[in-house]
Amino acid sequence: MSAPLVSIVMRSFNEAWALQDTLPALASQNWRSWELIVIDSGSTDGSQDLIRAAKPAHFIQITPQEYNPSRVMNHGMRLATAERVIFLNADATPQNDHWLRPLAETLDDSRVAACFGRQIPRPDCQAVFACDYDRCFGPHRESARWDHFFSMVSSGLRKDVWQQRGFREDLQYAEDDEYTRWCRAQGYQVSYVEESVVMHSHNYTPQQSWKRSYGDARAIGKAWSQRPGAFNWPQTVLLGWLNDVRHDLRWCLAHRRIHELAHAMRIRWQQRRAKLAGFHQGWREQQEVSS
């Protein structure tokens, strides 16, 4: 009996350098029954030619200004024919022919609303970000002890759960975190699928690190239902920074990259200050709406 259909939704923007590996990796998967849906944000680097050659079931093109992650993912979910929908970023390259099957099979369980796979950094990944991948996806991942963690980069959703309530389109960041927290609040499981592996990483500048941390924390603040005092300068910035640097020091020593520690400390300081500022902004916006 053939495997049931799976829908794969891919977001892309000027990532031809990765698509030349990602699309062939998709074609080689040992789960053969799938359709590809691509939403491209106006690529000009040859990505669109590569995508057309892959013959997707749907190829949606939008402008960069139109891009909103929640809106794009909701659109992909609506286009999906299958009940199991797999998301894969264009720059996340499956590492073998067994990437798709574990994600699809995990979604067989009606108790599982969402799942996400393992990510390993690219060879050029800077130490500060490689350390994060180890903390989030490594063999002894710290994220397993966090109150919640999810990544949309390589992931899967059950369409019947999504139909109850999709991604919040008023959020520009952390929309996947908010959605999967909602799934858990409804009694569903969110599962980590370690055997499904992609290569994916970014080297952010200090300014980009600030922007991402600020945006993620702002989204968290807008959806926060507990006391806001949990986010404060001593806990969020100072102690958080010291904890991050402790992890970075250990990682740099273990991988003989101690020369990158000073850079890591600067990035962490930006991230921590941005997290506090972003949360407070999101919290204020939430209070203004509810008042």
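Position 1 is the first residue of the sequence, and the numbers go up from there.
Side chains of Gln164 and Tyr188: a donor-acceptor N/O pair is present below 3.5 angstrom, by distance only. Thr63 and Glu66 are linked by a side-chain donor-acceptor pair at a separation below 3.5 angstrom, with hydrogens and angles left out of the test. In the model, Ser12 has a side-chain atom that pairs as donor or acceptor with a side-chain atom of Asp40 under 3.5 Å. In this model, no donor atom of one side chain and acceptor atom of the other lie less than 3.5 Å apart for Asp97 and Trp31. Judged by distance alone, the side chains of Arg284 and Gln287 never bring a donor and an acceptor atom under 3.5 Å apart.
Side-chain atoms of Val6 and Ser33, non-hydrogen and from C-beta on, never get closer than 4.5 Å to each other. Using a 4.5 Å heavy-atom cutoff, the side chains of Trp146 and Cys136 are in contact. Cys115 places none of its side-chain heavy atoms less than 4.5 Å from the side chain of Arg84. Side-chain atoms of Met10 and Leu26, non-hydrogen and from C-beta on, do get closer than 4.5 Å to each other. Trp17 is listed as a side-chain neighbour of Asp91, based on a closest heavy-atom distance under 4.5 Å. Contact annotation: the side chain of Ile86 never approaches that of Val9 to less than 4.5 Å [non-hydrogen atoms, C-beta and beyond]. Contact of the His200 side chain with the Thr93 side chain is not registered, since no non-hydrogen atoms from C-beta on lie closer than 4.5 Å.
Checked against Phe279 for a ring pair (Phe, Tyr, Trp, His ring centres under 6.0 Å), the options Tyr214, Trp224, Trp233 give a single hit: Trp224. When each of Phe150, Tyr179, Phe87 is checked for a ring pair (Phe, Tyr, Trp, His ring centres under 6.0 Å) with Phe116, only Phe150 meets the rule.
The six-membered or imidazole ring of Trp251 lies near that of His255, with a centre-to-centre distance under 6.0 Å.
Between the side chain of Gln189 and the backbone N or O of Arg184 there is no donor-acceptor pair closer than 3.5 Å. The closest donor-acceptor contact from the side chain of Asn89 to the backbone of Ser154 lies at 3.5 Å or more, if one exists at all.
With respect to Arg266 and Glu260, no salt bridge is recorded, no charged nitrogen being found less than 4.0 Å from a carboxylate O. A salt bridge links Arg135 to Asp244: at least one charged side-chain nitrogen sits closer than 4.0 Å to a carboxylate oxygen. Salt bridge status for Asp109 with Arg158: absent, with no side-chain N to carboxylate O gap under 4.0 Å. Contact check on Arg168 versus Asp170 returns a salt bridge, with a Lys/Arg side-chain nitrogen under 4.0 Å from an Asp/Glu carboxylate oxygen. One finds a salt bridge joining Glu169 and Arg71 here, because a Lys/Arg side-chain nitrogen approaches an Asp/Glu carboxylate oxygen to under 4.0 Å.
Taking the ring centre of Tyr133 as origin, the terminal cationic atom of Arg118 falls outside the region bounded by 6.0 Å and 45° from the ring axis. Seen from the ring of Trp210, Arg273 does not count as a face-on cation partner, given the 6.0 Å and 45° thresholds.
Around atom NZ of Lys159, more than 12 heavy atoms belonging to other residues, nucleotides or ligands sit under 6.0 Å away.
Annotation for Glu35 and Ala57: closest pair OE1-CB, 4.0 Å, computed over non-hydrogen atoms.
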Are Lys222 and Glu178 close enough, and set up right, to give a salt bridge (charged side-chain N to carboxylate O under 4.0 Å, His left out), and what steps lead you there?
CA-CA 10 Å; Lys222 291 176 71 172; Glu178 191 280 332; over 6 Å; no

